[in-house]
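What follows is a single structure, written as structure tokens, with notes after it.
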Number of protein chains: 2
Amino acid sequence: MRKQDSTNARNEELILRNCGMAYTLHVIGGRWKASILYNLLEGRMRYNELRRAIPGVSERMLVAQLRELEEHGLVKRNVFPEVPPRVEYELTELGKSTEAMLQCMSAWGNMHRQKEQVVAAQ
Amino acid sequence: MRKQDSTNARNEELILRNCGMAYTLHVIGGRWKASILYNLLEGRMRYNELRRAIPGVSERMLVAQLRELEEHGLVKRNVFPEVPPRVEYELTELGKSTEAMLQCMSAWGNMHRQKEQVVAAQ
DNA sequence: TTAAGTACTAACAAAAAAGTAAGTATGCGA
DNA sequence: TCGCATACTTACTTTTTTGTTAGTACTTAA
């Protein structure tokens, strides 16, 4: 839960208003969101498929991150009224619009991580 | 301080190893880093210049975020042995190499934020 | 002589994010 | 009828991040 009247919350709002980059970080930042988006870029997936595809994620965290992505309009949740239940997650158009950006971030990250390993090995 | 043996810390390490995107988020994510990088892309700046340019940041946080950027090799700290002291911060080559990515994130963020405001106004 | 400016640091407190454990309802196969 | 599978939810604890306050040492201007 957020406290509306904390300096922390006010600072975040302030930055989100002024800085598109911070806004992006706010939307796609979060421990498991990169992994979720990465998987969904390949196509729709069921809840438990995602869970198995992302090692280490707990149910609570997976749901929480999916809900946040849904709130921000990147992910759509489709519920099929079946038994056993079936819920599929897929990217919205807005979600898909992140692809180029995410690839850019992925490429930069992979490159940078390599450099760090070279330095650490010396 | 990080606890090396927490699930939290282990999960983060796991993700950083496997996902370039998560690595990038780890390096440029943090409340004030977007603002710092944005300012330094224009050229070198003194500590207090940065502080005045970033409304809301406290000294402790500004220093902490600068140190992290320095550790990751994005920012260089230049100390001039003068009185009063002068310390200038500037982007390294690696820091500059983020420019295209940051602009991409900035553009996406600005676009998405606009959409959200349109939706909220209805 | 007092205040302001320089660039910080340290000890601490508050807030937010992440993780743990157990429980929900339903149906199917053994 | 026991356990497993589906897709979660709730209450709670731990860890991490962010913010607060006061202090450092030096110089110049009022």
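Residue numbering restarts at 1 for every chain, and letters A, B, ... go by the order of the sequence lines. Because the structure is a prediction, the values reported are computed rather than measured.
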(message) Using heavy-atom distances to pick each residue's nearest nucleotide on DNA chain C, tell me which of B:Ala9 and B:Glu88 is more 5'.
(response) B:Glu88
(request) Check the distance between C:dA15's P and A:Asp5's CG and give it to me in whole angstrom. (result) 8 Å
(message) Counting only heavy atoms and a strict 4.0 angstrom limit, can you tell me which residues of residues 41-48 of chain A come near DNA chain C?
(response) none
(request) Using a cut-off of strictly less than 4.0 Å, decide whether B:Arg67 has a side-chain nitrogen or oxygen near OP1 or OP2 of C:dT9. (result) yes
N/O contacts under 3.5 Å, protein versus nucleotides 20-27 of chain C?
unit_1 : atom_1 : unit_2  : atom_2 : d
C:dT20 : OP1    : B:Thr7  : OG1    : 2.8
C:dT20 : O4     : A:Arg60 : NE     : 3.4

(message) How many whole angstroms separate atom CD of B:Glu49 from atom C1' of C:dT6?
(response) 12 Å
(request) Mind calculating the distance between CG (A:Leu62) and C1' (C:dA18) to the nearest angstrom? (result) 13 Å
(request) Just jot down the side-chain contact (heavy atoms from CB on, under 4.5 Å) partners of A:Val79, sequence neighbours excluded, or say none. (result) A:Arg77, A:Val87
(message) Please pick, from D:dT6, C:dA15, C:dC8, the nucleotide with the shortest atom-to-atom distance to any side-chain atom of A:Asn8.
(response) C:dA15
(message) Between C1' on C:dA17 and NE2 on B:His26, what's the gap in Å once rounded to a whole number?
(response) 16 Å
(message) Mind checking if B:Phe80 touches a base, just sugar-phosphate, or nothing, with heavy atoms under 4.0 Å?
(response) nothing
(request) Round to a whole Å and report the spacing from CD of A:Glu13 to P of D:dG19. (result) 13 Å
(message) Applying a 4.0 Å non-hydrogen cut-off, can you work out what B:Gln65 is touching in the nucleic acid: base, sugar-phosphate, or nothing?
(response) sugar-phosphate
(message) Going by side chain to side chain donor-acceptor pair (under 3.5 Å), name the pairs with one or both residues in residues 55-64 of chain B, residues two or more places apart or in two chains.
(response) B:Tyr47-B:Glu59
(request) Report the end-to-end axis angle of the helix from C:dT1-D:dA30 to C:dA30-D:dT1; each axis comes from five terminal pairs, and the value is rounded to 10°. (result) 20°
(request) Return yes if a side-chain donor-acceptor contact under 3.5 Å exists between A:Ser97 and B:Trp108, otherwise no. (result) yes
(request) Kindly write out the residues that satisfy salt bridge (charged side-chain N to carboxylate O under 4.0 Å, His left out) with A:Glu13, not counting sequence neighbours, or none if the list is empty. (result) A:Arg17
Side-chain donor-acceptor distances from residues 19-32 of chain B under 3.5 Å, at least two apart:
unit_1  : atom_1 : unit_2   : atom_2 : d
B:Tyr23 : OH     : A:Glu116 : OE1    : 2.7
B:Tyr23 : OH     : A:Glu116 : OE2    : 3.1
B:Thr24 : OG1    : A:Met105 : O      : 2.6
B:Thr24 : OG1    : A:Gly109 : N      : 3.2
B:Thr24 : OG1    : B:Gly20  : O      : 3.1
B:His26 : ND1    : B:Glu12  : OE2    : 3.3
B:Arg31 : NH1    : A:Asn8   : O      : 3.1
B:Arg31 : NH1    : A:Asn8   : OD1    : 3.0
B:Arg31 : NH2    : A:Asn8   : OD1    : 2.8

(message) In whole Å, I'd like the distance from the CG atom of A:Leu66 to the P atom of D:dA7.
(response) 12 Å
(message) Suppose the criterion is salt bridge (charged side-chain N to carboxylate O under 4.0 Å, His left out): which pairs have a residue in residues 32-43 of chain A, not counting sequence neighbours?
(response) A:Lys33-A:Glu68
(message) Under the rule for salt bridge (charged side-chain N to carboxylate O under 4.0 Å, His left out), what residues qualify as partners of B:Arg44, not counting sequence neighbours?
(response) B:Glu88, B:Glu90
(request) Please check the phosphate of C:dA7 (OP1 and OP2 only) for any side-chain N or O of B:Arg77 closer than 4.0 Å. (result) no
(message) By nearest heavy atom, map A:Val79 and A:Glu12 onto DNA chain D; which one lands nearer the 5' end?
(response) A:Val79
(request) Please list, chain by chain and in numerical order, all residues satisfying side-chain contact (heavy atoms from CB on, under 4.5 Å) with B:Ala53, sequence neighbours excluded. (result) B:Asn39, B:Met45
(request) Can you establish whether the number of heavy atoms outside B:Tyr38 located under 6.0 Å from its atom OH is more than 12? (result) no
(request) Rounded to the nearest angstrom, tell me the gap between atom CG in A:Leu50 and atom P in D:dA7. (result) 10 Å
(message) Any non-hydrogen side-chain atom of B:His112 less than 4.5 Å from a side-chain atom of A:Leu94?
(response) yes
(request) Apply salt bridge (charged side-chain N to carboxylate O under 4.0 Å, His left out) to B:Glu99 and list each qualifying residue two or more places apart in sequence or on a separate chain. (result) none
(message) Looking only at the side chain of A:Ser6 (C-beta and beyond, no hydrogens), which of the listed nucleotides C:dA16, D:dT18, D:dT16 gets closest?
(response) C:dA16
(request) Write down the distance between CD1 (B:Ile54) and C1' (C:dA7), rounded to a whole number of angstrom. (result) 15 Å
(request) Could you list the residues that satisfy side-chain hydrogen bond (donor to acceptor under 3.5 Å, both in side chains) with A:Asn48, not counting sequence neighbours? (result) A:Arg51
